[in-house]
Amino acid sequence: MPRIFVKNLPAGITEDRFRETFSTVGDTTDARLIYTPSGVFRNFGFVGYARQEDAEQAIGQFNKSFLGSSRLQVELARAFGDQSIPRPWSRHSAGSSANKQSTAGSTQSEDDSSDDEQASEKTKRKKKKAKVTKKKAKGGKEESHSPELLDESTKKKKTKKKSKEEKEKSS
């Protein structure tokens, strides 16, 4: 019994409409929409056909066609452990070589420490940016945060204070 895999189904589709749509090509044995355990529709489903020719015709007719406003992707369904399925490439996927490298013992702890340092630097930059943005929103001037300019500005303020104090003492 050949089955097809239908991706990118519209959110409001019902199982009856799904079955009707795909039974126009040939005799369907079953049609199933996939939901999460909590009942959220995952936007894909499977259709079983009585004959291989019907499944191939359905792929030809429905692949890259539209159902509602969703562009469908239709292909032959494959077994779960099928070797012809492309292997995962993400470092978060269990079968990928990137995941094997990132989960290797000592390199992981070194990577984690450098990641922590980078994260703390990002946090510092975000906080600094938020302060400048708040100041701008209040109508204040944006100040440069470079140490040289801060030193110069504090020196100027101190000299102004001293000159004010000297004027007050002399008068």
Side-chain angles (χ1 to χ4, degrees), residues 1-104 107-140 142 145:
M1 172 177 87
R3 294 174 61 84
I4 61 171
F5 177 54
V6 185
K7 300 185 223 178
N8 200 27
L9 289 166
I13 194 165
T14 62
E15 200 153 316
D16 291 335
R17 182 170 177 221
F18 182 60
R19 183 184 304 272
E20 274 179 36
T21 303
F22 285 90
S23 65
T24 58
V25 176
D27 295 331
T28 58
T29 57
D30 65 301
R32 183 169 168 224
L33 298 175
I34 305 300
Y35 295 88
T36 63
S38 60
V40 178
F41 179 50
R42 297 209 36 217
N43 298 83
F44 72 90
F46 295 93
V47 180
Y49 285 96
R51 298 180 313 162
Q52 181 71 28
E53 298 83 29
D54 292 341
E56 289 171 1
Q57 185 180 357
I59 292 170
Q61 182 175 338
F62 292 111
N63 191 31
K64 297 184 181 178
S65 67
F66 286 86
L67 183 60
S69 61
S70 299
R71 186 175 184 199
L72 301 179
Q73 295 177 15
V74 183
E75 57 190 51
L76 276 175
R78 296 181 243 171
F80 184 69
D82 191 358
Q83 294 298 320
S84 66
I85 298 173
R87 72 184 190 95
W89 55 268
S90 170
R91 72 176 180 167
H92 303 291
S93 299
S96 70
S97 57
N99 179 270
K100 289 176 186 171
Q101 290 173 355
S102 69
T103 55
T107 58
Q108 184 178 4
S109 60
E110 292 169 7
D111 289 345
D112 287 346
S113 63
S114 66
D115 288 345
D116 291 341
E117 290 170 10
Q118 289 174 353
S120 66
E121 285 296 319
K122 278 187 180 180
T123 306
K124 287 178 186 176
R125 278 188 253 132
K126 283 182 181 177
K127 286 181 180 178
K128 203 178 256 189
K129 191 174 186 179
K131 284 182 183 179
V132 170
T133 308
K134 274 187 178 178
K135 214 171 207 180
K136 279 185 181 179
K138 290 182 180 179
E142 179 184 351
H145 295 290

*Hey, what do you get for OG1 (T28) to CZ (F46), rounding to the nearest 0.5 Å?*
15.5 Å
*asked:* Using 30° and 60° as the class boundaries, would you call the ring planes of F22 and F62 parallel, tilted or perpendicular?
replied: tilted
*Determine the sole option in D30, T29, I4, D27 for which the side-chain contact (heavy atoms from CB on, under 4.5 Å) test with Y49 is passed.*
I4
*When you look at Q61 and Q57, which way does the side chain to side chain donor-acceptor pair (under 3.5 Å) test go after all the steps?*
CA-CA 6 Å; Q61 182 175 338; Q57 185 180 357; 4.6 Å; no
*Should the heavy atoms of other residues, nucleotides or ligands under 6.0 Å from CZ of R32 be counted, would the total exceed 12?*
no
_Using 0.5 Å steps for rounding, measure from the CD1 atom of I59 to the CG atom of L72._
12.5 Å
*Rounded to the nearest 0.5 Å, how far does CD of Q73 lie from CG of L9?*
10.5 Å
*For A31 and F18, work out which heavy atoms get closest and say how close.*
CB-CD2, 3.8 Å
*Closest approach of F44 and K7, non-hydrogen atoms and distance?*
CB-CA, 4.0 Å
*In Å and rounded to the nearest 0.5 Å, what is the CZ to CG distance from R71 to N8?*
9.5 Å
*Nearest heavy-atom pair of V6 and V74: which atoms, and what distance?*
CG1-CG2, 4.2 Å
*Taking atom CD1 of I13 and atom OG of S70, what is their separation to the nearest 0.5 Å?*
8.5 Å
_Rounded to the nearest 0.5 Å, what separates atom OG1 in T14 from atom CG in L33?_
8.0 Å
*Exercise: identify the closest heavy-atom pair between R17 and T21*: O-OG1, 2.8 Å
